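Encoded as structure tokens, the structure appears first; notes follow it.
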There are 2 protein chains.
Amino acid sequence: MKTLRSDCPVSRSLDIWGDKWSLLIIRDLFLAKQLTYGELLKAPEGIATNILAARLQLLEQSGLIEKLDHPDSKAKVLYKLTPMGVDLLPIMIEINLWAEKYFPIPADRKAMLKEVKMDKEGFIKAAMKELKRA
Amino acid sequence: MKTLRSDCPVSRSLDIWGDKWSLLIIRDLFLAKQLTYGELLKAPEGIATNILAARLQLLEQSGLIEKLDHPDSKAKVLYKLTPMGVDLLPIMIEINLWAEKYFPIPADRKAMLKEVKMDKEGFIKAAMKELKRA
DNA sequence: AGATAGTACTTGCAAAGAGCAAGTAAAGCA
DNA sequence: TGCTTTACTTGCTCTTTGCAAGTACTATCT
């Protein structure tokens, strides 16, 4: 998805992360804060390695994620969300809440959403602060 | 996207509407409440007619939209969101808010978002009620 | 009633993207 | 110094997308 289709904010957003994989990568980065290439590859949905590489590059170009040197090894790379990427959290939360309403979802995720529903704004604020700190 | 990739709620959601076009169709239905095939085809992003037909069918199968007889003509069909589709509104709103933060967006959409920001919960509740009524 | 036009699609084909398997390069480890 | 790990890349096939054209039903006009 290379060309800008319109200046509608929904369209602009989808031009960046509106594919089958980007939001799953972003989900994993929300849950883990930072991951190596190999760890991202292990996502249960089974993304192909070339697709992962392409998406990571696109997300980095778009400013949603950034590459970091791994503290333990030069062979490893860490990926994490930029502030712009962290700002996707409210969208991610709403997606989870929507899906929870219509599909059975894993218990651990359900537990997280219980917290969210008790104080959505507070949860998001705290989570975003934590993500932007690290 | 036919196969279920995992039971993660994000993945489940993307399996249904995680492509380049579905959320744009849904956006148009949010803005207009109900539209004919031809009206959906006129979206500024320029969706191809075969793609539109395929997406409408998939969204209908998934329970997000429904077909209605047009009151004025048997030749026309009306598409509108089901309650399940209307429940996507919070996601749609958050997408708009995110995009507004990082891209220039049209003035009319900006005006709507100003309202949203004054009372997000109230805005969403009222809009959803109105959409589910019609 | 017959011809013209609008509406909602379908079909055929070329181009782009996704997905699989294998390969490469740099770094760490024994 | 070789074996492994890590992060990719490359080549190829298959599916999906997107364009152009066509079809069928309905409506309108004369």
Side-chain angles (χ1 to χ4, degrees), chain A residues 1-6 11 14-26 28-29 32 34-62 64-81, chain B residues 1-6 10-11 14-26 28-29 32 34-62 65-81:
Chain A
M1 197 176 321
K2 38 181 73 71
T3 56
L4 183 140
R5 292 180 291 175
S6 84
S11 176
L14 295 179
D15 285 345
I16 297 177
W17 47 259
D19 66 282
K20 274 170 65 171
W21 295 108
S22 293
L23 278 186
L24 296 179
I25 295 170
I26 290 164
D28 289 342
L29 291 175
Q34 44 190 32
L35 292 169
T36 64
Y37 185 89
E39 288 169 333
L40 285 164
L41 209 50
K42 286 187 201 116
E45 289 82 12
I47 188 169
T49 174
N50 55 338
I51 307 290
L52 177 58
R55 284 293 161 275
L56 288 174
Q57 198 179 328
L58 212 152
L59 291 174
E60 194 189 3
Q61 276 172 24
S62 304
L64 297 188
I65 65 172
E66 59 184 335
K67 284 165 92 161
L68 257 59
D69 291 342
H70 194 290
D72 299 351
S73 158
K74 269 194 182 176
K76 292 185 185 177
V77 182
L78 278 177
Y79 288 94
K80 65 167 291 200
L81 295 164
Chain B
M1 195 175 319
K2 36 183 72 70
T3 55
L4 184 140
R5 293 180 290 175
S6 85
V10 180
S11 176
L14 294 179
D15 284 346
I16 297 177
W17 47 258
D19 66 283
K20 274 170 66 172
W21 295 108
S22 294
L23 278 186
L24 296 179
I25 294 170
I26 290 165
D28 289 342
L29 292 175
Q34 45 190 32
L35 291 169
T36 64
Y37 185 89
E39 289 169 332
L40 285 165
L41 209 50
K42 286 188 199 115
E45 289 83 12
I47 187 169
T49 174
N50 56 338
I51 308 290
L52 177 58
R55 283 295 162 272
L56 287 174
Q57 198 179 326
L58 211 152
L59 291 174
E60 195 189 2
Q61 276 173 25
S62 305
I65 65 173
E66 59 183 338
K67 282 165 93 160
L68 257 59
D69 290 341
H70 194 290
D72 299 351
S73 160
K74 268 193 182 176
K76 294 185 185 176
V77 182
L78 277 178
Y79 288 95
K80 65 167 292 200
L81 295 165

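Reminder, nothing fancy here: chain letters follow the sequence lines and each chain counts from 1. In this text the structure is predicted, and so the values were computed from the model without any measurement.
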Exercise. Starting at atom CD of A:E45, determine the distance to atom P of C:dG19, rounded to an integer number of angstrom.
Key: 12 Å
Quiz item: Closer to the 5' end of DNA chain C via nearest nucleotide, is it A:S73 or A:I47?
Solution: A:I47
Practice problem: Answer whether the closest heavy-atom distance between the side chains of A:P71 and A:L78 falls below 4.5 Å. | Solution: yes
Exercise. Would you give a per-nucleotide map of nucleotides 2-11 of chain D, 5' to 3', where B means the base has a protein non-hydrogen atom under 4.0 Å away, S means only the sugar-phosphate does, and - means neither?
Key: ----SSBBBB
Practice problem: With side-chain contact (heavy atoms from CB on, under 4.5 Å) as the test, would you mind laying out the steps for A:Y79 and A:Q34 before giving the verdict? | Solution: CA-CA 5 Å; A:Y79 288 94; A:Q34 44 190 32; over 6 Å; no
Quiz item: Whole-Å distance between C:dG17 P and A:L52 CG?
Solution: 18 Å
Exercise. Check the distance between C:dC9's P and B:H70's NE2 and give it to me in whole angstrom.
Key: 13 Å
Self-check item: Counterpart residues, side-chain hydrogen bond (donor to acceptor under 3.5 Å, both in side chains), relative to B:T49 (two or more places apart)
Solution: B:Y37
Practice problem: Quickly work out the B:I25 CD1 to C:dA8 C1' distance and round it to whole Å. | Solution: 14 Å
Quiz item: What is the distance, rounded to the nearest whole Å, between atom CG of A:D15 and atom P of C:dG17?
Solution: 13 Å
Quiz item: Does the side chain of A:L24 come within less than 4.5 Å of A:I47's, by heavy atoms?
Solution: no
Quiz item: Whole Å only: how far is the NZ atom of A:K74 from the C1' atom of C:dC29?
Solution: 17 Å
Quiz item: D:dT13 C1' sits how many Å from A:I51 CD1, rounded?
Solution: 13 Å
Quiz item: For C:dG19, does either OP1 or OP2 sit under 4.0 Å from a side-chain N or O belonging to A:K20?
Solution: yes
Practice problem: Could you check if a side-chain atom of A:K20 sits within less than 4.5 angstrom of a side-chain atom of A:E45, using non-hydrogen atoms only? | Solution: no
Quiz prompt | Student check: side-chain heavy atoms of A:S22 and A:L59 closer than 4.5 Å | solution = yes
Quiz item: Can you tell me how far P of D:dT17 sits from CG of B:L24, to the nearest Å?
Solution: 14 Å
Quiz item: Do B:L52 and B:L40 have side-chain heavy atoms sitting under 4.5 Å apart?
Solution: yes
Self-check item: Any B:W21 side-chain N or O less than 4.0 Å from OP1/OP2 of D:dG18
Solution: yes
